[in-house]
Amino acid sequence: MTEFGELWQTPLRDLYAQAVNECLKDALVDRSQIQSAWIGCMSSGLFNHQEHLASILSDYAGLNGISATRVESACASGGAAFRAAYLEVASGASDFVLAGGVEKMNDGADATFCLATAADQEYEVYHGVTFPGLYAMIANAHMHKHGTTYDMLVEVAVKNHRHGAKNPKAQFPAEITADTVRNAVRVAEPLGLFDCSPVTDGAAAVLLAPVEVAKDLGKPLVTIKGSGHAVDAIALHDRRDPSRIPSVGMAAHKAFEHAGVTARDIDFCEVHDCFTIAELCCLEEIGFYEAGQAGAATLAGETALGGKLPVNTSGGLKSKGHPVGATGVGQIVEVYEQLAGRSGARQVAGARLGLAQNMGGSGGSSVVHILEVK
Amino acid sequence: MYGIVGYGSYVPRFRIKAENIANQWGADAEAFKRGLLLEEKTVPGPDEDTITISVTAARHAVTRAGIDPQKIGACYIGSESHPYAVKPSGTVLIDAIGCGPECHVADYEFACKAGSEAMYVAYSHVKAGEMEYALGIGADTSQGAPGDALEYTASAGGAAFIMGSENVAAEILHTYSFTSDTPDFWRREGEFYPRHAGRFTGDPAYFHHVLNSARGILEKANMKAADFKYAVFHMPNGKFPLKAGKILGFKQEQLEQGWVVNLMGNTYSGSSPTGLAAILDVARPGDNILMTSFGSGAGSDSFIYRCTDRLPQIQDLAPKVRDQLADRRIHLDYGKYVAYRGKIRVNEM
Amino acid sequence: MISPRYHREIPQRYRLEAGQCNGCQEIHFPPRAVCRKCGGEEFTTINLPTSGKVVTHTVCWIPPAEFDNQKPYVNAIVELDNGTRLTCMVCEAPPDEVTVGTKVEIVFRKLQEEPKWEVIKYGYKARVVP
């Protein structure tokens, strides 16, 4: 993956190519062997006035002639692209398939406006609701129902920055203090600036192949054990309990069923912390914690590196950055690196089974993958 | 019998006190309050305008009338602050209250008289047998130029009246209009604030038309001040309507109930209509009411109403003027006031 | 220029028109082509009630450009008396007047009026009732 950050000098078409280049070098596979690509990107049309990414990005990555498709599912675009690539390989249709994701958000467009297209335009955004506003309403509902406190949200941000400080590709590779989070300007109460993931440019790419082919490449054999995908009502007001995000639970359930494992078997995970509250909700939906318990577990250090279930060792969306379409693939990169034992200062000891959960909008879609190192 | 079958009023929650305006411009607050007989005025919120005020007042009128809005054959909004330069306010209203598409719609303007003329036309249609019900509304969110005397009084609010012939709550006995070309107050195209001719707005404009219109209707009806329980005149400030009433022989008790200006300001096209609504909120069967509006430019429409047995049955069905004037007010400082009124120049989006 | 979309949505924005499934009575706001509960395709038009209560809420301090003049404002999910939920602004309220369970009424207000040359957008907001 590229660095994540404000990459003023790198255009959209080069971001993807850079990620592909790094991926192919790592895979020791020649460009000419690639047969297909699935590319996640939420909003190049609004951010960059560029659609038809399958063509332009493949062209600029030296991949003309392959089959390529741009996948969109708001912030779950990357995860959905990864799943599509997985299904193509699993079906036997292709051997070498790229799953990529890219977003170039800093080209001058109004990011708030562009991102808001992931919500219900007519019945949420039209009324002045922003993304921080939606997650703030989820947070207020969660606090009202479970007694979750703001301190718990603060700890999510502090922890993820502590992890991200060890990630050279992160947008904000620096620790922050709890006071910084608490005193930051409020965006939508109770969320402040440091509860929100940033606006980021970046790209990530992974290469998939059938197990029989992959095992002969001389690399750690990381396999996709489970894949689950679910959509749900786009509007928060159309979900019965606004403190919950059911699409995450539904996707996780399918992934666990497919993998034949349970939440207890997972060693570490990357979850979609677009806002601090989202990390707590997702951990509960996936089943790592009972409803309302993830906050206390976070305060107790369970989800930090060295804890019982390290969450977002990459720094999460909060510290690493959130180039929307790339995020889901970036999560897979982190899970892969951990399973391959290559995470250096961020390494989870004995990591064998990892989970990546990617989510779109306020929970309108979610994709969960479970990866295993053999 | 033809007259009002349902009425409704809307008073915004925001207020600004006269002293906040005076202190801003280095004026003598007490002198202004005494001179204008005014404490505070209403301020429309940033999400309110003549259309939203009209819709709310009209919904209350429909509730009081107890009719299917589809039966309303015409809707007229009279205002000096229609939100668009070109596009009708009335069309938003009919789709909001559900009385379209078979409905005649026109927007009226005539400075502060636009409300009463909407009421007059609505009444005339019903009287002529053209339609079962017609709706006339006076509503405004008028602007006063910063630092000008009118800034103390120009306010927001409105009242809606459904005219009909069945279940009449206040019968209209007579109408009379008195109009002439009198340049007391105007606004040219492209100008943001209106201008006025100072003291000329008094005797030659307001009093000339109000007094002649009132005298004219009293003569037509062969009635005198003592025959009325209530009288309400257009209220550009606290003093003018009381003076007009006194000249015509009305007593303080007859003028009090409709005299809402000291707490509300001058709601322009909504002024005497809101005063009328405040009277209807408490009037009893058999009470006679005189209403005389005034619009600069200039003209006055007069009406004589007689309340029926039906009125007490509908008074409590929707919010009352004086309850809204007293309840849950939100006072603004001058900075918030000018921000809400769009008087601060900001970069275009 | 949003006229076609704006015009289509007037029954919902001005009058809270919803669709009730003829099969299972589930109410959909806005109306839909398919019932989310039973998959039915036949609906009856109804008007939603105009009173309800707050389910969850927030105060927006950093709004999108067209709402900047109204900040800080309260957004809330409101559950109307018949169980239907919608998202809207709660106008006028000092933010601490609004909490989970606060009773509100639906009022007719301007939702957006920027840019200054575009059509003014009217619709529903909520207002706290004492």
Side-chain angles (χ1 to χ4, degrees), chain A residues 109-117 119-148 184-193 195-196 199 231-244 275 277 281 362, chain C residues 2 5-6 8-9 12-13 16 18 26-30 32 36-37 52 54-80 83-91 95-96 98-101 109-112 121-126:
Chain A
D110 178 349
T112 306
F113 168 77
C114 301
L115 290 171
T117 57
D120 185 329
Q121 279 305 295
E122 312 305 341
Y123 294 92
E124 292 183 309
V125 178
Y126 201 79
H127 292 270
V129 175
T130 58
F131 257 99
L134 285 170
Y135 277 93
M137 289 201 279
I138 292 175
N140 275 321
H142 203 269
M143 289 171 165
H144 182 83
K145 185 167 182 189
H146 300 296
T148 299
V185 65
R186 292 303 97 184
V187 177
E189 286 180 22
L191 304 180
L193 187 62
D195 290 290
C196 309
V199 170
V231 295
D232 190 18
I234 189 173
L236 187 58
H237 60 247
D238 276 335
R239 298 180 218 148
R240 224 40 233 167
D241 182 349
S243 71
R244 290 195 50 215
F275 297 88
I277 179 66
C281 290
S362 69
Chain C
I2 57 139
R5 208 169 76 204
Y6 183 83
R8 219 168 35 225
E9 290 161 7
Q12 281 66 60
R13 300 212 186 282
L16 293 184
E26 177 84 354
I27 296 171
H28 299 78
F29 181 76
R32 302 182 180 205
R36 65 171 156 251
K37 202 157 139 198
V54 170
V55 171
T56 181
H57 57 95
T58 183
V59 181
C60 183
W61 286 92
I62 302 190
E66 61 270 25
F67 292 94
D68 204 56
N69 68 325
Q70 297 184 56
K71 70 173 189 248
Y73 54 82
V74 175
N75 275 132
I77 293 180
V78 170
E79 182 170 299
L80 299 171
T84 309
R85 291 184 179 177
L86 48 73
T87 300
C88 64
M89 243 193 238
V90 181
C91 59
D96 50 24
V98 181
T99 180
V100 175
R109 293 293 169 99
K110 277 190 290 195
L111 297 189
Q112 295 176 32
K121 297 162 196 152
Y122 295 95
Y124 51 84
K125 289 192 181 184

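Just so you know, these numbers use all the heavy atoms, side chains as well, and skip hydrogens, waters and symmetry mates. Protein chains get the first letters and strands the later ones, always in sequence-line order, with residue 1 at the start of each.
- With a 4.5 angstrom heavy-atom cutoff, C/V59 touches chain A via backbone and side-chain atoms both.
- With rounding to the nearest 0.5 angstrom, the OG1 atom of C/T87 is 7.5 Å from the NE2 atom of A/H127.
- Among C/R13, C/Q112, C/K125, C/Q70, the residue making the largest number of heavy-atom pairs under 4.5 Å with chain A is C/R13.
- Atom OG1 of residue C/T99 and atom NE2 of residue A/H144 lie 7.0 Å apart, to the nearest 0.5 angstrom.
- No donor-acceptor distance shorter than 3.5 angstrom exists from the side chain of C/T58 to the backbone of A/M137, with no hydrogens or angles considered.
- No side-chain heavy atom of C/Y6 sits under 4.5 Å from any side-chain heavy atom of A/E122.
- Counting heavy atoms from C-beta outward, A/Y126 and C/L111 have side chains that approach closer than 4.5 Å.
- For C/K121, the parts sitting under 4.5 Å from any heavy atom of chain A are the backbone and the side chain alike.
- For chain C, no part of A/D120 is nearby; none of its heavy atoms comes within less than 4.5 Å.
- Within the 4.5 Å cutoff, side-chain heavy atoms of C/R85 are placed close to those of A/P242.
- Using a cutoff of 4.0 Å between basic side-chain nitrogens and carboxylate oxygens, A/R240 and C/E79 are scored as salt-bridged.
- Between chain C and the options A/L191, A/T112, A/T130, heavy-atom pairs under 4.5 Å are most frequent for A/T130.
- Contact of A/F113 with chain C is not made at all, since no heavy-atom distance falls under 4.5 Å.
- The candidate with the highest count of non-hydrogen atom pairs below 4.5 Å against chain A, out of C/Q12, C/H57, C/R36, C/M89, is C/H57.
- Closest approach of A/G128 and C/C60 over heavy atoms only: O-SG, 4.5 Å.
- In this structure, C/T56 OG1 and A/H142 NE2 are separated by 11.5 Å, a value rounded to the nearest 0.5 Å.
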